[in-house]
Structure formats: C-alpha cells, structure tokens
Amino acid sequence: MRNFLLAITLLTSLATFAQSSGSLAGKLIDKEYNNEPLPFANVIIKGTSTGTTSDMDGLYTINDLAAGNYTVIYSFVGYESQEIVVEITANKVTNLDVTMGASAASLDEVVITTTTKRESETALLLEQKKAVEIKQSIGAEELSRKGVSDAAGAVAKISGVSKQEGSSNVYVRGLGDRYLNTTMNGLSLPSNDVNKKNIDLNLFSSDVIENVSISKAYSSKYYGDFSAGNVDISSKDYKGNGFFDAYVSTGFNTNAIDKDFVRSEGTGYFGYYGRYDHNPFAVVLSHGVDPENAGTPINIGYGASAGKSFNFNNGSRLSVFATASFENAYEYRKGSAVDYTLTEKKAFIDNAEEYEYGTTTTAMASINYKIDSDNSIKYNSLFINNSSDKVGYFGIDGKGRSRDAILNTDEGFYQMNVQFDQTQMYVNQLLGKHSSGKLDVDWGFGYNYVFSKQPDRKRVSVENYHFALDNDINTNPSFYSNVVFDNQRYFQNIEDNEYNGRINLAYNANDNVKINVGYNGRSKERTFNNIRYGYDILDSGYAIADSNNFNAVFNLDNLNLNDGDDGIYEIQVINPIPTLSNVNRPGLYENTYTGNLNVYAGYVDAEIKSGEKWLFVPGVRLESFEQKIAFNVINLGNLGNSEITSKETFVLPTLNVKYALTEDANLRFSASQTVSIPEFKEVAPFVYEDISTRIGGNPDLLEKGYSKILNIDLKYEWFFSKNEILSVAAFTKEIKDPVNLVVGADATGTQRYFRTGDKANVYGLEVEIRKNLLTDEDENTKLSAGFNATYMHTKQDLYENIDGAFYDVSFTESEEELQGASPLILNADISYSPTFGNYKPTANVVFSYFSNRIDALGSGQLGNVIEKGVPTLDFIWKNKVNDKLEINLSAKNILNANIDYYRETTLGDVSVNSANGKGVTDYQRGIDLGLQLKYKF
C-alpha cells in the first residue's frame, strides 16, 4: 500500500510538472553566410548545464523547462555571443530565431567558421541536403585530406565520375567532354585545347579551390547544352583578421628519378617560351632540333596564401585574399606506339619512350566588399600558366616498323618528337549579391582570355636506325623522307576571348513560394592557325653520322641556298607568301579557322513548398543559340575554304521535386529536356597529326544542328549524421542523334566525329555511403570510410552508312555501347585521424577504378579502340605537428597499373595509341612519392 501511494504521488508530481513546463525552439541564422542556417552552434540556459546545439538546418529545441524567465546564451566559435531573456509559458512552445554575426574581437577564428564552412565535408553535405537540384560537392578540406592537387582529381572522387588516365578528360555518368559544362563561380570558362570543349581541370590547383560541385540533374539556370552535368569551381574566399601561410614540397616519380631528363630547346624551367614575337621561319633558321638537358628529375613546389579583412565604422567590411604557387613534375613513360587500322601501319613495340616535364603556375586574388548585411560585391582574378614539355623517342632498340618505309619495312624505323605546349589563361569576374525586402539579386560578369600555343614542335624520322647501334662505322642510318614533312617544324596558336554574364532575381512571395527570373549569356570568339616547315632531304642516302646530334645536320651551313647540290636539305612550306617561293622562304598559315559562339537565354522557375514535406521546382528556359565557323584548311580541296552557321532557339522545360521523408532523408526526382551542340573542334576539319594518331573535325555534324536529350533521375539520400550519408540514385538518358568519335577505315585511320545513329540510351545506378567507424568523446571522427559505385548500361544504334558532304563512314554492327561509358566506376577511401595533444595526424588510403570503355568507335571492318580499366591507390599521411606546422607525406599510384589502349581485331587485341592519351601506350606511369612542409605564420 505504501509503494502504491508513493507511485501515485510520483505520477501526480510528474503530471503537475508537465502541466507547468514549456519548450524553447527556434532557428539560428548565419549573418556572415547569406543568412543561411547556422548549424552546430551552442544554446545554453545561463547558470545551468541545460542546453543543446543547432542541427544541420540551424534548428534547436530545449524541452521540459519550468515556466518562468530564463537567460539563454547563444554562442559559436568566432561569432558574437548573445544573451537573450525569454519567458517560458506552461504548455507552450516559445519560438525564438536568432541571427548571429562575426565577432570583431575574434576575427582570427572566423576563418574556421565562415571561410572553411563551404570547404568542409559537413557544410557541403548540408548544402547537398538543402539543394533544390541533384548535386554533389567536394570541398578543400576533403581535397586536402585525400591529397588531391587539382580540380580534375577532385571531381573523380564523386560518384559516377571517372578521369581518363594519361589525359585530363573527365567522364560523368559515362558521358565525356562534349556532354559537360565547366563554370567558375557560376560563370562559363573557356577551353585551353583545340580538341576539347571544356577547360583542363588539371589547371585548377587546390590552392584556389574552395569546393568543386557537379550538378547532374538539369536546372533552367544552366545553359541548355547540358547532358552529363555542370562542373562548377567555387574560388576560395576569406574573412578574418589576417593570416599568412607558405609551403614547400618535393618528391619524385619512381620511373623518372634515375633518368637523364631532357626537354625542348628554348623553353624555361618555369614553363615559359620566349620566342612568340618572332616569325616561325626565323626560329627554324636560328635554332636546332635537339632537346636539351632538363636537370635532375626531382619535383619541386612552393606557394603562399595571405588574407586580411578591414572593418569600417559604418559596418562595412573589405576582405582581401591572395594565393600563388608553382609546381613542376617529371614523368617518364616507356611502352609502345602503334598505328593499327585494318593492318599495321607503324609499330614501335616496347621501344617507345617519353620524357615529360610539366609545370603549373597559379595566382589568384579576390577582393570582397561587404557593403552591409544585404549587399556585397566581389572581384576575382585568376591567372594560370600551364606547360607540358615532352620529348619522345620511338624505336630506340632499332626494331621499329613502318609499312611506308622506303629502305626497310621490317626494322630500323625511328622517330623523335620534341613538343612543348603552353597555356596562359586570365579569368576576371565581378560578382554581386543584394537583398531588399522580398527580393534577392545575384549577378556576375566575366571576361576570359586564353593564349594556348604549341611552338616549334620538332619531328625527325630515320630509317635503318639499328645501324646506329651496331658499332660499325661503315653502316649508318638515313633520313626517312617519303614526303617533305616527315622531318618538320610545327607551330600552332589558339586564342579565345569570351564575355559572359548572369543575373538572377529571386522574389520570396511568402514562406512557401519563391520565384526566380534570370538571364545568362556568353559571346566567345576563337582564332586558330598553324604552320609547318618541312626539311626536304636532297640526298636520299645521306648517312647520319651521329643520331644523337641532329643539329649537326640541320644548321645554316647545310642549308641549300643556291638551287644546287651544295647543301644537305631545303626548307619548304605548304602555303607560300604571294610572289615568294615556297622553298627557303617564310610562308602563310597552313590551316586557319575562326569560331564565334553567341548564347542568350532567359529562364523562370518557381520553388513551391507544399506543407513540410514537398518542394516542387518547375521551370522553363528559352535560349537563342548561334554558332559560326569559318575555316580554310588544306586537306579538303575546294571544300576546304568554307563558312558554316547554325542558329537555333530552344524551349527547355525542367522539373525538380524533393520530398522530405524525414528530417534527415530526401527523395528526389528530376526530369528535363536539354540539348547537345557541336563544338568548334568537332566541326573544323583541320587534322592534328601525332606520331601514331590523327584526329580532326567534321562539318557534316551541322546538318541536324544539335542532339535532343531527355534526362530522368530518381535519388534517395539519408543524412544520418552531420558528416555521414547513404544515397542511392537511378538515372536514364535518351540521346537523339548522338555524336561519337570514329576511326575512319581508310589509309590514314583519321579519327573524326559523326552522328552515328538515331538514338542512344543510358541506364545507371549509383550508390554512395560515408560512415564514421570510430569517434572520440566529443563525437569528432577518428576513423571513417567512404565508398561510391556506379553501374551503367548503354546502348546506341548505328547507321549502316553515313554519306556526308565532307566525309563518309559505314558500320557493320547495328548497335554498340556508347563511347566513353564505363559499365563500372568505383571510388573508396578510409581515413584515420587520432589526436595526441597538439599532434593531429591523418592517414588516408584512397582507391578508384573504372572498367574498360570504348575510346573510339571502329568503322567498316575496324574494331573499336578500347581504353583498358585502371585501378589507382594513393596513400596520404598529413601530420599537423602543432597549430603552425604541417609535415605531409604521400605515395600516389601505388598499384602502378598498366595503362593501355587496344584495338579489337579478328586476330586478337592489338595495343594502339589513342588521340586522347599520351604518345605511348601499354606503359606504367610509376609511383609518385612526395613530401610537403607547410607553415602558418
């Protein structure tokens, strides 16, 4: 009876307390980050231990507070703490939303909470959860942890994305360069390569990257030329009282470290060439063809970053950030170089080698002026200098073969290729954000300039090279000179100028409806030209005394100037200057084209919330597109001097739907109509010739103008903690009139672009998981793992015959997989981060793999060119010794897998070269070992 009365008393007391208690709830808003939610802030009842933290949406709740007045403390590192008195009413929820801003007294800490918020995995998962479209991002924090040094490596860690080993090509959901767009801060970026639509993502070092995101589902704010996705690079920013840090790094490639390295004559250590102002003919006369010593093949890198904010009495703030870096890399490849179509044309089996010296110089500065809490303007300027200096020797053992050889088709064919490529890029952007009442305005204007050159490529061809190796002074190799340009000097220039802009007006009608009206456009011009000078060897039997000293032959003393036989060679050009001879005289450009692109578009969409669960985003885009290309090329006769214009107007509907299954889980659906437009490089019929490949454009692509693409996506995502996620996505695409790279079944084996059939279909499934395996007492991650996988099935039909005005092609198969599509893509990593006082090391193992995929379709009786799947494994050990010093170690490409392209033939697979790869195939790249010291002053 006594226990019963006690129980009744306790229940009565609890009921009485419940009836006299209430709750405090609300949302914390980040004033420093566009009034976004502020997660992980502390909310404490003053004088007690009662409290909580805000969740990923900035929401907080404290239950079971007795009725009465309380002082509540809101705090977050680097932000101004606030103490607010609130009254709790029994049986009610008291709502209190609080806006928090940076503390002027602790601006040094703001770096941790504001600038790095958009770099952290936690913040980017929050952004992904709240996004209205399907997107994924990887930030600077994760890039640093995984040892990723550039944007190309960054996107390759995202599910459904793979990078082509040996090149900068990136594939998203099996679709390559022509189906991607690349932007920086939402503004379009130019291409640095005549054979690519998108810029080389390797050029963007991690020093300038805040995060890299891929939007795989279309939204009306993007350009209509959207198929696989839009890659957006967000540049780094800074808000704080001032910082300066610097690093120095070194390392080596295991293949390169013991080699005597060489590079082009006339190029510099920092990747510059100083003869652009000189006529190419003067360069040919003044400088030899042999490469020069490149020094010890040890990689060096160094850089520094600095930033500071200036606060003014009126509440405005000026923030300045700058970073600059230089890195070089030595790489040696030994393998094969094979040109094989229906039969073998040229083969260097296991006797081809390339020495490559690469540099990247990056400098970026940004000025961000926060006028007030509602208005800000930012200027961003980026400069990149990237160079690749390659020296290739083909047939080094004297066993090279050439079907077209004159003296010996079975052995002794040898070629030297010395090639320097330099790209200088300037990106300037002015960005602004403004808010007034219910209206938000976001705008940007940009100007891009690209200066991409290949100056003075030298190519020498030799027969009977095995005589140079036999130690017999009576036998010597000879120059191969079937045509004048078998021995040549080549110069190529590309310049791009582009203006682009965007503006979005967002009207927040109420809590449930937001309307976006916007415009974006771009105007771009590209100019391209090239010229070759060939060495006409007058004596077909001329004996080469020293095959390591071609300068002894190609000099002014041996130039035949008097139309007699007093010289060894003459210099010829294809396109002579009027009134001048084409022999021993400067010439005009051999191939030229000018391309103009103008895109102007308006769009409207609405973000409509229905209850607490549904978000509907219907939209439509009206886009005017005009592309013109005027070319003058030598390989098409009377058709070689033409101008082609394509004009289209697109109406592109889109629908994105998000359903919140729970507070931490979303179900997303997306459907859209987009297009794919031919690029300059796909249309201009100029042919670029490498040692073993030839690639050119096809003006016939403009017959149908563009490809229509239907995109459908369905995705489930569960954010089961602040930095953990499980997602599953299914997607499909139907591409009308798909474009593929095709190897012509002709004597040259030139690769060109064709509309190969009526349609192609892509079906895929993506899975991603990030999980903490061990955490400390403060729930900080000690051991974590991530994994994502994509399985795809692709199918396209093929025309039996394609009869074009410029080029023809045929196929024996009626259907095939889509070029560039890997059925399986895997990315995985595991990270261990213990803490020992101030010592905070992090060890990471990162793995990626893509399965075999078609690199180029074979036509006629030709089989496809296949890129062999490559697994890669990296180990990165970051050692934060204290708050100022880091010592980092890395070992990349540990598996050192074989990189190979092969042609499918009835006699078996034959290793061949790819126009998308390096100068050799069937090679191992070597392991890259690195050491970095970083100090924060």
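All heavy atoms count here, side chains included; hydrogens, waters and symmetry mates do not.
- D97 and K27 are not joined by a salt bridge, as no carboxylate oxygen comes within less than 4.0 angstrom of a charged side-chain nitrogen.
- With a 6.0 Å cutoff to the six-membered ring centre and a 45° limit on the axis angle, K308 counts as a cation-pi contact of F310.
- Contact check on E679 versus K681 returns no salt bridge, with no Lys/Arg side-chain nitrogen under 4.0 Å from an Asp/Glu carboxylate oxygen.
- Listed here is the closest heavy atom pair of N516 and N504: OD1-ND2, 3.1 Å.
- Between K216 and E766 there is a salt bridge, since at least one side-chain N of the basic residue sits less than 4.0 Å from a carboxylate O of the acidic one.
- What you find for Y218 and Y223 is that their closest heavy atoms are CE1-O, 3.4 Å.
- Geometrically, R668 does not engage Y659 in a cation-pi contact, judged by NZ or CZ lying under 6.0 Å from the ring centre and within 45° of the ring axis.
- Outside the 6.0 Å centre-distance limit, the rings of Y603 and Y222 are not counted as a close aromatic pair.
- F321 and F243 have parallel rings, their planes meeting at less than 30° on a 0 to 90° scale where 60° marks the start of perpendicular.
- If you check the side chains of N314 and S316, you find a donor sitting under 3.5 Å from an acceptor.
- Counting non-hydrogen atoms of other residues, nucleotides and ligands closer than 6.0 Å to NZ of K647 gives a total of 12 or fewer.
- A distance-only check finds no donor-acceptor pair linking the side chain of T645 to the backbone of K628 [under 3.5 Å].
- Between I608 atom CD1 and I515 atom CD1 the span is 8.0 Å, to the nearest 0.5 Å.
- If you look at W614 and F616, their ring centroids are closer than 6.0 Å.
- Considering only residues two or more places apart in sequence or on other chains, N598 meets the side-chain hydrogen bond (donor to acceptor under 3.5 Å, both in side chains) condition with S523, Y600.
- For Y716 and F669, the gap between ring centers reaches or exceeds 6.0 Å.
- Counting only distance, with no hydrogens or angles, the side chain of R502 and the backbone of N520 share no donor-acceptor pair below 3.5 Å.
- With a 4.5 Å cut-off on side-chain heavy atoms, D664 and W718 count as touching.
- Using modelled atom types, one finds no donor on one side chain facing an acceptor on the other under 3.5 Å when comparing D737 with S707.
- The residue from T654, N656, D713 that alone fulfils the side chain to side chain donor-acceptor pair (under 3.5 Å) condition with S670 is N656.
- You'll find the side chain of E495 stays beyond 4.5 Å of the side chain of R526, heavy atoms only.
- One finds no salt bridge joining K433 and D374 here, because no Lys/Arg side-chain nitrogen approaches an Asp/Glu carboxylate oxygen to under 4.0 Å.
- The aromatic rings of Y447 and Y499 are tilted relative to each other, their planes meeting at an angle between 30° and 60°.
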